[in-house]
Q: 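Quick one: structure below, then a few questions.
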Amino acid sequence: MKYNQYAYVKTDYPEQAKELIDINFLPRNYQEWSFSDLLAKLIKTVIVEAKSDEAKTAKLSEFAVSDELTLANFLKQNPTQIGTNQFYNVALQLLGYHVHYDYQLDNPTGFMQKQNLPVVKDINNIEKLVFAFYRLLNTRAKNGQLLIDVMAGKGYFTQFWGQNKFMFFNGKSLPVFDTNKIIREVVYVETDLDTDQDGKSDLIQVTIFRPKESDQGLKVPTLYTASPYFGGIIANEKRNHNVDENLSDSTLWTDPKYQPMPKVDAPKPNGENHISTEEAVHKSSYPLNEYLLARGFSSVFAGGIGTRGSDGLRITGSPEETESAKEVIEWLHGDRVAYTDRSKEHEIKADWCNGNIGMTGRSYLGTLQIAVATTGVKGLKTVVSEAAISSWYDYYREHGLVVAPEDCQGEDLDLLAETCQSNLWDAGQYLKIKPKYEAMQKELLKKEDRVTGQYSDFWDVRNYRNHTDGIKCSWISVHGLNDWNVKPKNVYKIWQKVKHLPIKHHLFLHQGPHYNMNNFASIDFTDLMNLWFVHELLGLENNAYHQWPTVMVQDNLQSDKWHEEDDWSDEIGQTVTYYPTDDHELFKDGNGKEKQKFTDVGGIDFKEANISENEWQYKFISGDEKWAKRSLRYTTDEFIHPVTIVGRPEVKVRVSGSLPKGQLSVALVDLETRRRLTPTPKFLIRGGQELGYRFGTDTLQEFVLDKKTKAKLITKSHMNLQNYQDLRKPSKIEAGQFVDLTFKLQPTYYHLPVGARLCLIIYSTDEGMTKRPLEEETYTIDLANTEIKFSQK
């Protein structure tokens with residue numbers, strides 16, 4: 001496994017020495033020391049767990065510099081230099097690797113090269129020795145963290161507790177804040193909303209974790225996570241909508257209009273500033289925040305309207321939801337009122353905040369970052385949005401159809417609101433809110449339109465991409481290329497807009513499903529975010545804007561390889577077109593002439609099979625006869641050169657159905673029996689990453705090559721036949737009427753190796769995502785007017 005490292009900032013020697021002196025690692029008079037004494041001193045300093053010089057000296061005998069010599073005996077020789085192999089035998093042991101299990105003493109640098117760890121050669125003078133240790137402290141250890149963070153987890157930086165200032169090393173903030181004295185408090189931000197319509201402004205409960213030093217005059221930046229799940233969720237596994245129903249005539253659809261909720265004018269802040277009177281009982285729910293909290297960044301969580309501790313109703317994806325999340329930032333920036341408790345008697349200010357706010361979080365939490373960023377709110381300097389929805393239509397619908405997120409068949413926007421309406425847990429709020437909540441649920445169910453799945457004004461106000469011109473903060477998006485919950489179209493479409501804005505922007509695409517990547521072995525994402533937030537929220541010039549490429553894409557064949565790109569779009573490759581033939585082949589040379597048929601039976605046999613949706617999909621794409629007969633499949637010859645598919649493939653299909661309605665699905669599949677990466681990362685070292693000193697842990701993980709599989713889904717998409725003329729408006733069709741569908745599949749970045757075959761599958765019911773009709777329909781495909789094209793590198 002290669003431990004790729006993108007966050008290491010090249011630093012000249014004087015600055016290296018200064019930084020090492022500043023953290024008490026290098027003696028101020030180091031140039032007066034002998035090579036041997038300084039080498040021993042620096043090694044002993046890394047051994048943090050030994051607390052006295054005697055204990056550290058005794059530890060030296062536990063290390064070896066070669067097959068025949070311990071470190072202790074080597075130092076007794078008063079060496080004036082140390083060989084490269086000798087040094088890195090010791091270095092690897094300091095990094096947590098084990099001789100004979102992880103590497104051999106006769107070839108440490110070979111192992112380091114395999115792990116992609118840096119090596120300094122010819123360590124034959126003091127300057128080279130200092131540089132070697134500076135680089136070593138900035139090298140990723142076996143647990144995936146930098147060695148300096150491993151030392152931090154053992155308590156090295158407790159010596160700086162109480163100094164009341166930030167400290168930096170290689171452009172990153174150090175954990176010099178006393179995590180035993182974290183301030184945990186709750187405040188109530190007054191909004192301009194009245195979503196529960198009681199004539200009073202909704203209060204939003206905000207939970208704060210911040211260093212004790214921020215009460216002693218130190219201004220700290222804030223990482224704000226808007227999390228509707230923070231106060232808990234109301235789980236009802238049996239509540240999902242029925243999807244085993246026949247398709248409806250979409251022309252009966254009417255466009256429901258958005259009606260804003262009433263607003264009130266919240267008072268402006270005055271000169272009062274009382275201390276907090278309520279202690280936080282919830283815990284921080286995001287490891288990246290915890291990691292940076294130990295490094296001086298306050299961590300703020302708020303669920304927003306309708307969540308536990310707050311007033312109002314959950315109205316998923318609505319402008320009101322955006323407003324309630326934004327107003328927390330306004331308080332942090334000093335532009336809005338908050339109170340010490342719900343009595344609203346005493347104001348409290350975020351006078352500990354330096355006015356610079358960044359947002360973090362995955363999924364719904366990342367979604368609200370996009371929503372808030374489009375408002376251009378003052379104080380929001382950057383977002384790091386992971387697996388985020390940019391349009392709620394693209395989450396719950398597709399091309400005129402009701403389409404579910406993966407593993408969430410039957411879920412919809414109203415049910416997500418129900419899940420997050422956690423203020424119903426408090427009996428007093430329940431009595432007040434329940435009737436209005438039930439009315440809102442009925443309104444959401446009606447307007448989301450599960451009958452037809454058409455785009456509407458209701459969905460349009462939930463499309464944050466309409467407002468990207470309001471974005472003023474810098475931007476980082478993170479998304480899984482195999483995320484079939486928040487499908488990749490969500491990040492792809494907003495990226496096409498963000499990349500043209502006058503803001504700094506980055507994109508990370510990993511091989512996971514609906515997942516974050518803070519602790520992947522193959523990339524030092526946490527260190528990159530440390531570097532990024534230090535630059536954006538503390539104003540330190542640390543090369544963050546130029547440290548790594550604009551777009552980073554994890555390879556799908558080997559997890560420790562990352563592709564560096566300037567962009568992610570259809571334009572970065574060459575367009576190729578493939579045509580299905582009468583012989584069920586897929587060629588570049590021209591269309592088939594036949595009209596070929598398949599019969600879809602909806603969900604009838606799926607229910608009888610009693611298998612999971614994921615099992616069905618694997619059997620289906622692999623060509624299992626029972627499921628493949630419900631589709632048409634067209635396959636290329638084996639590739640003689642590797643090919644990378646980039647962006648959004650587009651299909652054109654002339655199709656008719658035996659009913660005056662229908663849904664068509666198209667999948668692009670990699671066919672070849674070979675070992676593939678695990679669907680989710682494998683835990684490598686569970687709980688092995690210390691976020692601070694005795695302050696929580698995280699787990700190192702990564703995708704690894706797993707057992708052989710027959711096929712891998714690359715991308716797919718679904719479309720309503722009645723939208724053949726307009727993706728936003730259905731048309732009447734007759735049974736047997738041929739219509740021309742043109743639509744794009746989900747975006748991808750997928751590498752096909754030599755020997756792979758590409759398979760185009762045309763089918764109807766997707767058991768895991770579309771509705772599952774209870775009636776049969778026969779579809780006829782006119783091959784003479786069917787094709788798929790995509791960009792390839």
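Below, each value reflects all heavy atoms present in this structure, side chains not excepted, and no hydrogens, waters or symmetry copies. What you see is a predicted model, and the numbers here were worked out from it, not measured in a lab.
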Q: Taking 4.0 angstrom as the limit, do Asp192 and Arg336 come out as a salt bridge?
A: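 So Asp192 pairs with Arg336 through a salt bridge.
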Q: As a test of understanding, state which of Trp548, Trp568, Trp475 forms a ring-ring contact (aromatic ring centres under 6.0 Å, His included) with His506.
A: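 With His506 as partner, Trp548, Trp568, Trp475 yield a single ring-ring contact (aromatic ring centres under 6.0 Å, His included), made by Trp548.
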Q: Within the 3.5 Å criterion, strictly below it, is a donor on Trp352 or Ser298 matched to an acceptor on the partner's side chain?
A: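 There is no such pair between these side chains.
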Q: Minimum heavy-atom separation for Gly232 and Ser422, please, with both atom names.
A: O-CB, 3.5 Å
Q: How long is the gap from CD on Gln554 to CE on Met552, to the nearest 0.5 Å?
A: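 Between atom CD of Gln554 and atom CE of Met552 there are 10.0 Å.
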Q: If I compare all heavy atoms of Gly96 with all of Lys142, which pair ends up nearest, and what's the gap?
A: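 Heavy atoms of Gly96 and Lys142 come nearest at O-CD, 3.4 Å.
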Q: Is it the case that Arg295 places NZ or CZ above or below the six-membered ring of Tyr291, under 6.0 angstrom from the centre and within 45 degrees of the axis?
A: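 Judged by the rule (NZ or CZ under 6.0 Å from the ring centre, within 45° of its axis), Arg295 counts as positioned above Tyr291.
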Q: Taking atom CZ as the centre, does Arg342 end up with more than 12 heavy-atom neighbours from other residues, nucleotides or ligands that are less than 6.0 angstrom away?
A: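 Buried by this count: over 12 neighbours within 6.0 Å.
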Q: Please work out which of the three classes, parallel, tilted or perpendicular, describes the rings of His274 and His346, given edges at 30° and 60°.
A: tilted
Q: Using the ring-ring contact (aromatic ring centres under 6.0 Å, His included) rule, collect all pairs that involve residues 169-195, keeping only residues at least two apart or in two chains.
A: Tyr134-Phe169, Phe166-Phe177
Q: Could you give me the CA-CA distance, side-chain angles and deciding distance for Asn490 and Asp394, then say whether side chain to side chain donor-acceptor pair (under 3.5 Å) is met?
A: CA-CA 7 Å; Asn490 279 280; Asp394 288 341; 5.5 Å; no
Q: Verify the ring-centre separation between His479 and Trp495: is it less than 6.0 angstrom?
A: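 Between Trp495 and His479, the centre distance exceeds or equals 6.0 Å.
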Q: One thing to verify: whether Lys165 and Glu213 come together as a salt bridge, which I'm taking to mean a side-chain N less than 4.0 angstrom from a carboxylate O.
A: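 Answer for the salt bridge query: no.
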Q: So that I can tick it off, tell me whether Lys172 and Asp527 are bridged by a salt bridge, with the cut-off set at under 4.0 angstrom between side-chain N and carboxylate O.
A: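 Salt bridge flag = no for Lys172 with Asp527.
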Q: Would you find more than 12 non-hydrogen atoms of other residues, nucleotides or ligands less than 6.0 Å from Lys212 atom NZ?
A: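 Check fails, neighbour count at 12 or below.
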Q: Do the charged groups of Lys487 and Asp483 touch, with an N to O distance under 4.0 Å?
A: no
Q: Would you call Lys497 and Asp469 a salt bridge, taking side-chain N to carboxylate O under 4.0 Å as the test?
A: no
Q: Is the ring pair Tyr515/Phe520 parallel, tilted or perpendicular, if the boundaries are 30 and 60 degrees?
A: tilted
Q: Does a salt bridge link Lys682 with Glu702, judged by any charged N lying under 4.0 Å from a carboxylate O?
A: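 No, no charged N to carboxylate O under 4.0 Å.
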Q: Distance from Leu380 atom CG to Ile471 atom CD1, nearest 0.5 Å?
A: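 CD1 of Ile471 is found 10.0 Å from CG of Leu380.
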Q: Looking at CE of Met1 and CZ of Phe703, how far apart are the two atoms once the value is rounded to the nearest 0.5 Å?
A: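 Reported to 0.5 Å precision, the distance equals 10.0 Å.
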Q: Check Ala388 against Val486 and note the closest heavy-atom contact, atom names and distance.
A: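 Here Ala388 and Val486 meet closest at O-CG1, 3.3 Å.
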Q: For the residue pair Thr195 and Ile315, what are the closest heavy atoms and their distance?
A: CG2-CD1, 4.1 Å
Q: Is Lys18 paired with Glu15 through a side-chain N to carboxylate O contact shorter than 4.0 Å?
A: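 Judged by the 4.0 Å cut-off on N to carboxylate O distance, Glu15 and Lys18 do not form a salt bridge.
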Q: Identify, with sequence neighbours excluded, every residue that meets salt bridge (Lys or Arg N to Asp or Glu O under 4.0 Å) alongside Lys154.
A: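 In terms of salt bridge (Lys or Arg N to Asp or Glu O under 4.0 Å), with neighbours along the sequence ignored, Lys154 is linked to Glu49.
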Q: Does a sphere of radius 6.0 Å around CG in Asp351 hold more than 12 heavy atoms from other residues, nucleotides or ligands, not counting ones at 6.0 Å or beyond?
A: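 Correct, the count exceeds 12.
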Q: Of the non-hydrogen atoms in Lys200 and Asp194, which two are nearest, and what is the gap between them?
A: O-OD1, 3.0 Å
Q: Cut-off 3.5 Å, side chains only: do Ser201 and Thr191 have a donor facing an acceptor?
A: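 Side-chain D/A pair, Ser201 to Thr191: absent.
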Q: One thing to verify: whether Glu321 and Arg314 come together as a salt bridge, which I'm taking to mean a side-chain N less than 4.0 angstrom from a carboxylate O.
A: yes
Q: Quick one: is the NZ or CZ of Arg184 closer than 6.0 Å to the six-membered ring centre of Phe209, and within 45° of its axis?
A: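 Judged by the rule (NZ or CZ under 6.0 Å from the ring centre, within 45° of its axis), Arg184 is not positioned above Phe209.
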